[in-house]
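Working notes for the structure below.
As the structure is a computational prediction, the values presented were derived from the model and not from experiment. We count ligands from 1, going down the list as the structure has it; atoms in each ligand are counted the same way. Just so it is clear, the values below take in all heavy atoms, side chains as well, and ignore hydrogens, waters and symmetry mates.
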Amino acid sequence: MKTLVLGVGGVTNGGKSTLSKSLHKQVPNSCLIAQDEYFKDDSVVPVDINGFKQYDMLDALHMDTMVREVESWQKDPVAFLRQRGPEHTTASAEEEEEEEVYVLIVEGFLIFNHRPLNELIYKKYFMEIPYDVCKRRRSSRVYTPPDPPGYFDGYVWPMYLKNRLQMESMVSGILFLDGLKPKEELLAAVCKDVCQEIERLREDD
Ligand SMILES: Nc1ncnc2c1ncn2[C@@H]1O[C@H](COP(=O)(O)OP(=O)(O)OP(=O)(O)O)[C@@H](O)[C@H]1O
Ligand SMILES: NC(=O)c1ccc[n+]([C@@H]2O[C@H](CO)[C@@H](O)[C@H]2O)c1
């Protein structure tokens, strides 16, 4: 059995979950893990000097738990998929398990900033969109808790720039994707790339 871990990172509202969910539907034997599911409880997320909740940093996330989940998938993807249930699984040819390539899609805004997680990711994609588009898309989203007034300009965008600089100083081999492109085009490009990788792994004995 062979495994392939893909990372879909990028700016908030860059289109990561849209792309990852479509990819998950298209790629057989794939599983999806989203970083947003690992946020700590609001009560333990501190506030900065401007009164903004510090959600856009690794400390706001249960990263150890997330890494353990990825490792658990890697150890036994089939058992992991069975445990997670049908919503996390795509069709598989179980009778040929040992010949299959199992694919894990790790999606999130800070996946490449966490060294232990980053080290588990083989193919790295990063979705980017410009400031004005990001601000507009974010303003129509409702998080829990919702963004307070001034949060985007006072906290979210400056943290994105900071986290991105940190990522670029520690990670290489990232493929940048233009999140302004149509969803279908982005999916087709990544699917093609992933399929080539799967084929390469299948042939590589
Ligand atoms: N290629 C695209 N072109 C135009 N709009 C898009 C595209 N991809 C996603 N969107 C829209 O942008 C918004 C954000 O998309 P999505 O939730 O996939 O982003 P995200 O990066 O996962 O966001 P976050 O992680 O910050 O919650 C949604 O309204 C979605 O429909
Ligand atoms: N608990 C959450 O999911 C949550 C709460 C508050 C803010 N956010 C935002 O999610 C984005 C990443 O997808 C970050 O920019 C957070 O600000 C998430």
Side-chain angles (χ1 to χ4, degrees), residues 6-27 30-66 69 87-88 104-114 117-118 121 124-167 174-193:
L6 315 173
V8 180
V11 67
T12 177
N13 281 270
K16 303 179 295 294
S17 58
T18 304
L19 175 66
S20 301
K21 281 178 190 161
S22 305
L23 205 56
H24 175 42
K25 280 190 196 139
Q26 294 247 323
V27 179
S30 69
C31 180
L32 176 58
I33 291 183
Q35 193 173 34
D36 276 10
E37 287 174 25
Y38 297 88
F39 270 110
K40 291 180 183 169
D41 189 83
D42 186 55
S43 61
V44 299
V45 179
V47 166
D48 73 6
I49 47 163
N50 302 307
F52 292 132
K53 275 274 173 144
Q54 294 177 275
Y55 267 108
D56 293 39
M57 51 199 290
L58 288 166
D59 275 353
L61 293 145
H62 290 291
M63 290 309 297
D64 291 351
T65 310
M66 188 175 178
E69 288 272 284
E87 71 274 21
H88 293 276
L104 177 65
I105 305 158
V106 180
E107 176 260 307
F109 73 128
L110 287 178
I111 55 173
F112 303 132
N113 289 74
H114 189 253
L117 178 60
N118 180 50
I121 302 173
K124 302 177 173 95
Y125 302 96
F126 189 93
M127 307 188 75
E128 47 185 359
I129 49 172
Y131 163 84
D132 55 332
V133 177
C134 188
K135 187 171 177 173
R136 191 167 61 240
R137 283 194 197 170
R138 175 108 182 183
S139 69
S140 56
R141 281 282 292 277
V142 183
Y143 293 92
T144 311
D147 287 356
Y151 196 56
F152 186 83
D153 284 323
Y155 180 70
V156 174
W157 190 257
M159 286 306 288
Y160 163 63
L161 297 178
K162 188 180 167 197
N163 288 326
R164 187 180 163 141
L165 274 180
Q166 192 220 18
M167 172 189 83
I174 298 173
L175 281 150
F176 290 89
L177 301 174
D178 179 0
L180 294 180
K181 285 191 175 156
K183 295 171 192 180
E184 302 72 27
E185 199 180 311
L186 288 162
L187 176 63
V190 175
C191 257
K192 192 175 167 213
D193 198 35

| request: Could you pull out the closest heavy-atom pair between C134 and T12, with the gap in Å? | output: SG-O, 3.2 Å

| If you look at every heavy atom in W157 and P130, which pair is closest and at what distance? | CH2-C, 4.1 Å

Distances only, to 0.1 Å: what are the N or O pairs between ligand 2 and the protein that fall under 3.5 Å?
from: ligand 2; atom 1: 13 (O); to: D36; atom 2: OD1; distance (Å): 2.9
from: ligand 2; atom 1: 13 (O); to: D36; atom 2: OD2; distance (Å): 2.9
from: ligand 2; atom 1: 15 (O); to: D56; atom 2: OD1; distance (Å): 3.2
from: ligand 2; atom 1: 15 (O); to: D56; atom 2: OD2; distance (Å): 2.7
from: ligand 2; atom 1: 15 (O); to: R138; atom 2: NH1; distance (Å): 2.7
from: ligand 2; atom 1: 17 (O); to: D56; atom 2: OD1; distance (Å): 2.5
from: ligand 2; atom 1: 17 (O); to: R138; atom 2: NH2; distance (Å): 3.0

| task | For D42, check side-chain hydrogen bond (donor to acceptor under 3.5 Å, both in side chains) against everything at least two apart and list the hits. | result | K53, Y55

| Between D36 and F109, is any pair of side-chain heavy atoms under 4.5 Å apart? | yes

| message | Please check this pair: side chain of D48 against backbone of N50, looking for a donor-acceptor N/O pair closer than 3.5 Å. | response | yes

| With Y125, which of L19, I174, D193 fulfils side chain to side chain contact (heavy atoms under 4.5 Å, CB included)? | D193

| What heavy-atom pair brings K124 and I121 nearest, and what distance separates the two atoms? | NZ-O, 3.2 Å

| said: Considering non-hydrogen atoms of the protein only, which is the closest contact for atom 2 (C) of ligand 1, and what is the distance? | reply: K183 CG, 3.6 Å

| request: Identify which of S20, C134, S17, S22 has a heavy atom lying nearest to atom 22 (O) of ligand 1. | output: S17

| What is the closest protein heavy atom to atom 12 (O) of ligand 1, and at what distance does it sit? | R137 CD, 3.2 Å

| said: Would you say atom 29 (O) of ligand 1 makes contact with the protein, given that contact here means a non-hydrogen protein atom less than 4.0 Å away? | reply: no

| said: Looking only at protein heavy atoms, which one is nearest to atom 27 (O) of ligand 1, and what is the separation? | reply: R141 NH2, 2.6 Å

| field | Per-atom contacts of ligand 1 with G179, taking only distances under 4.0 Å to non-hydrogen atoms | value | 1 (N), 2 (C)

| request: Starting from atom 26 (O) of ligand 1, locate the nearest protein heavy atom and write down its residue, its atom name and how far away it is, to 0.1 Å. | output: T12 OG1, 2.6 Å

| Non-hydrogen atom of G10 closer than 4.0 Å to ligand 1 | no

| query | Would you say the side-chain atoms of E128 pair up with the backbone N or O of F176, donor to acceptor, closer than 3.5 Å? | reply | no

| query | Going by an N to O cut-off under 4.0 Å, is there a salt bridge joining K135 and D153? | reply | yes

| Numbered atoms and elements of ligand 1 in range of D36, under 4.0 angstrom, heavy atoms | 25 (O), 27 (O)

| said: I want to check something: taking the side chain as every heavy atom from C-beta on, are L23 and L6 in contact at a cut-off of under 4.5 Å? | reply: yes

| Minimum heavy-atom separation for H62 to F39, with atom names? | CD2-O, 3.9 Å

| query | Is a side-chain N or O of N113 found less than 3.5 angstrom from the main chain of N163, in a donor-acceptor match? | reply | yes

| What atoms in ligand 1 come closer than 4.0 Å to a heavy atom of V11? | 21 (O)

| note | So for Y143 against ligand 1, with non-hydrogen atoms under 4.0 Å, the contacting part is side chain

| field | Which residue and heavy atom of the protein sit nearest atom 1 (N) of ligand 1, plus the separation | value | K181 O, 2.8 Å

| Looking only at heavy atoms, which two atoms of G9 and K16 are closest? And how far apart? | C-CD, 3.5 Å

| message | Geometry only, no angles: is R138 polar-contacting ligand 1 at N/O separations under 3.5 Å? | response | no

| request: Could you find the nearest protein heavy atom to atom 19 (O) of ligand 1 and give me its residue, atom name and distance? | output: G15 N, 3.2 Å

| query | For atom 9 (C) of ligand 1, which of V8, N13, T18 has the closest heavy atom? | reply | T18

| Hey, which atoms in ligand 1 end up nearer than 4.0 Å to a heavy atom of L186? | 1 (N)

| said: A quick test of your reading: do over 12 heavy atoms of other residues, nucleotides or ligands sit less than 6.0 Å from NZ of K40? | reply: yes

| query | Is L19 near ligand 1, meaning one of its heavy atoms is under 4.0 Å from it? | reply | no

| Heteroatom distance test (L180, ligand 1): nitrogen or oxygen, under 3.5 angstrom | no

| task | Determine whether the aromatic ring centres of Y131 and F152 lie less than 6.0 Å apart. | result | yes

| request: For residues L177 and V190, report the shortest heavy-atom separation together with the two atoms involved. | output: CD1-CG2, 3.7 Å

| said: For atom 14 (C) of ligand 1, is there a protein heavy atom at a distance under 4.0 Å? | reply: yes

| query | Considering only protein heavy atoms, which is closest to atom 21 (O) of ligand 1, and at what distance to one decimal place? | reply | K16 NZ, 2.7 Å

